[in-house]
Amino acid sequence: MAGPLDLAMLDPAATAPFLTKDEAAIRLAADAKAIDALQDRLYAEGTRALLVVLQGIDTSGKDGTIRGVFNATGPLGVTVTAFGEPTKPELARDFLWRIHAAVPRRGTIGIFNRSHYEDVLVARVRSLAPALEIERRYDHINAFERLLSDSGTTILKFMLHISREEQRQRLEERRSDPEKRWKFHPGDLDDRRSWDDYMAAYQVMLDRTSTEWAPWTVVPSDRKWARNAIIAGVVRTALERMSPKYPDRDWSGPEFAVP
Ligand code: ADP
């Protein structure tokens, strides 16, 4: 299927609409500032939320995106949740239990570093659940996101798309750079060996869970500067569409005069 979400057709090294790093940096700075101002309104309004889901293979830049896009956003109204391997209590519930508990409260932005999508990605590649159960999860996810959307949460999902060669370089750098070595997990090499299976699982995920109420954006992520600027632009646009307003309170009466 050729379409805007066809991974094989999307160049991970693309930078459009930005031609240069400087141009992207200028736009990113402006968008980050705008996101902060809009977030302040969202918080004051206190009725709606924004959920940003970040998915991508190891080294695709999920952490770097959070740092790069939200570094100007007031921390008061932002939560970041990283989802690792489920714990025993989590495994004793349905796969969405831990996710639902972490969704952003009204007035805030919630960022998911990995998410419920691991349950149709790593779970599919490593057969962590019966195939039929994984099949059903796509529908469960769409219904769950619909619930969030109907309840006032705008959902943005980003797949950070890097090339296999770029991942090789980044893993190699992690292995050798003393400041990055802590991030290197030998287990990541197993995932790399399953590269094709992961890409196939990502494609199914994109095909089955990009909905009107929770669309996916595939972000070319070989160039970190383009990645951050592209994501910031989408987040800013979404917040502008939400158009949060400061509550209109009238404190002008004499009874409210500050004594
Ligand atoms: P990161 O690699 O993102 O820096 P961690 O070291 O905590 O963070 O690793 C997260 C690991 O947890 C990944 O290998 C990921 O595949 C795994 N994981 C996350 N969610 C699930 C899940 N639902 N089922 C199985 N494994 C999961």
Side-chain angles (χ1 to χ4, degrees), residues 51-70 79-103 110-145 148 157-162 164 166-206 208-209 214 216 219 221 224 227-228 231:
L51 172 61
V52 176
V53 173
L54 299 175
Q55 275 296 154
I57 201 133
D58 292 315
T59 75
S60 60
K62 299 179 291 293
D63 295 353
T65 296
I66 297 170
R67 194 191 285 251
V69 174
F70 296 97
T79 55
V80 179
T81 311
F83 292 96
E85 281 184 34
T87 61
K88 252 185 156 185
E90 287 167 353
L91 284 171
R93 271 86 174 194
D94 69 83
F95 77 104
L96 290 171
W97 179 74
R98 65 174 184 162
I99 309 294
H100 208 163
V103 299
I111 302 163
F112 283 179
N113 183 344
R114 302 186 189 268
S115 66
H116 40 306
Y117 286 99
E118 292 292 327
D119 295 282
V120 292
L121 293 167
V122 64
R124 192 180 170 107
V125 171
R126 297 212 201 125
S127 302
L128 300 180
L132 182 64
E133 193 180 317
I134 293 175
E135 266 315 294
R136 288 192 182 129
R137 287 182 181 170
Y138 300 98
D139 293 335
H140 287 311
I141 287 173
N142 288 338
F144 167 65
E145 291 178 348
L148 297 183
K157 304 185 294 199
F158 296 99
M159 184 214 161
L160 311 189
H161 185 32
I162 57 169
R164 196 169 185 179
E166 181 69 21
Q167 191 198 42
R168 192 192 62 72
Q169 287 176 25
R170 290 185 188 182
L171 282 173
E172 197 49 60
E173 206 180 317
R174 273 191 188 178
R175 195 165 69 95
S176 48
D177 182 338
E179 289 184 8
K180 295 191 176 165
R181 245 179 244 159
W182 63 274
K183 282 203 231 176
F184 184 81
H185 305 293
D188 294 350
L189 301 178
D190 290 335
D191 281 342
R192 177 166 170 79
R193 284 187 196 100
S194 307
W195 178 273
D196 291 341
D197 293 339
Y198 269 102
M199 288 308 120
Y202 268 103
Q203 189 62 60
V204 176
M205 174 198 85
L206 293 169
R208 305 237 349 227
T209 63
W216 277 105
V219 184
S221 298
K224 296 171 183 171
R227 175 199 73 202
N228 287 350
I231 293 176

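Note that the structure is a prediction, hence the values are computed from the model and not measured. Just follow the structure's listing: the first ligand is 1, and inside any ligand the first atom is 1.
The distance from the CZ atom of R168 to the OG1 atom of T59 is 11.5 Å, given to the nearest 0.5 Å.
With F83 as the aromatic partner, R98 does not meet the cation-pi criteria of under 6.0 angstrom to the ring centre and within 45 degrees of the ring axis.
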Pairs under 3.5 Å, nitrogen or oxygen of ligand 1 with protein nitrogen or oxygen:
{"from": "ligand 1", "atom 1": "2 (O)", "to": "R114", "atom 2": "NH2", "distance (Å)": "3.1"}
{"from": "ligand 1", "atom 1": "3 (O)", "to": "R114", "atom 2": "NE", "distance (Å)": "2.8"}
{"from": "ligand 1", "atom 1": "3 (O)", "to": "R114", "atom 2": "NH2", "distance (Å)": "3.2"}
{"from": "ligand 1", "atom 1": "12 (O)", "to": "E85", "atom 2": "N", "distance (Å)": "3.1"}
{"from": "ligand 1", "atom 1": "16 (O)", "to": "E118", "atom 2": "OE1", "distance (Å)": "3.1"}
{"from": "ligand 1", "atom 1": "20 (N)", "to": "G84", "atom 2": "O", "distance (Å)": "3.2"}
{"from": "ligand 1", "atom 1": "20 (N)", "to": "R98", "atom 2": "NH2", "distance (Å)": "3.2"}
{"from": "ligand 1", "atom 1": "23 (N)", "to": "R98", "atom 2": "NH2", "distance (Å)": "3.2"}
{"from": "ligand 1", "atom 1": "23 (N)", "to": "D119", "atom 2": "OD1", "distance (Å)": "3.0"}
{"from": "ligand 1", "atom 1": "23 (N)", "to": "D119", "atom 2": "OD2", "distance (Å)": "3.4"}

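Only one option out of Q167, E166, E172 pairs with R170 in a side-chain hydrogen bond (donor to acceptor under 3.5 Å, both in side chains); it is E166.
Under the 4.0 Å criterion applied to side-chain N and carboxylate O atoms, R114 and D58 are assigned as salt-bridge partners. Note on D139 versus R136: no salt bridge recorded, every NZ/NE/NH1/NH2 to OD/OE distance being 4.0 Å or above.
When atom types are taken as modelled, the side chain of K62 and the backbone of G56 share a donor-acceptor pair closer than 3.5 angstrom.
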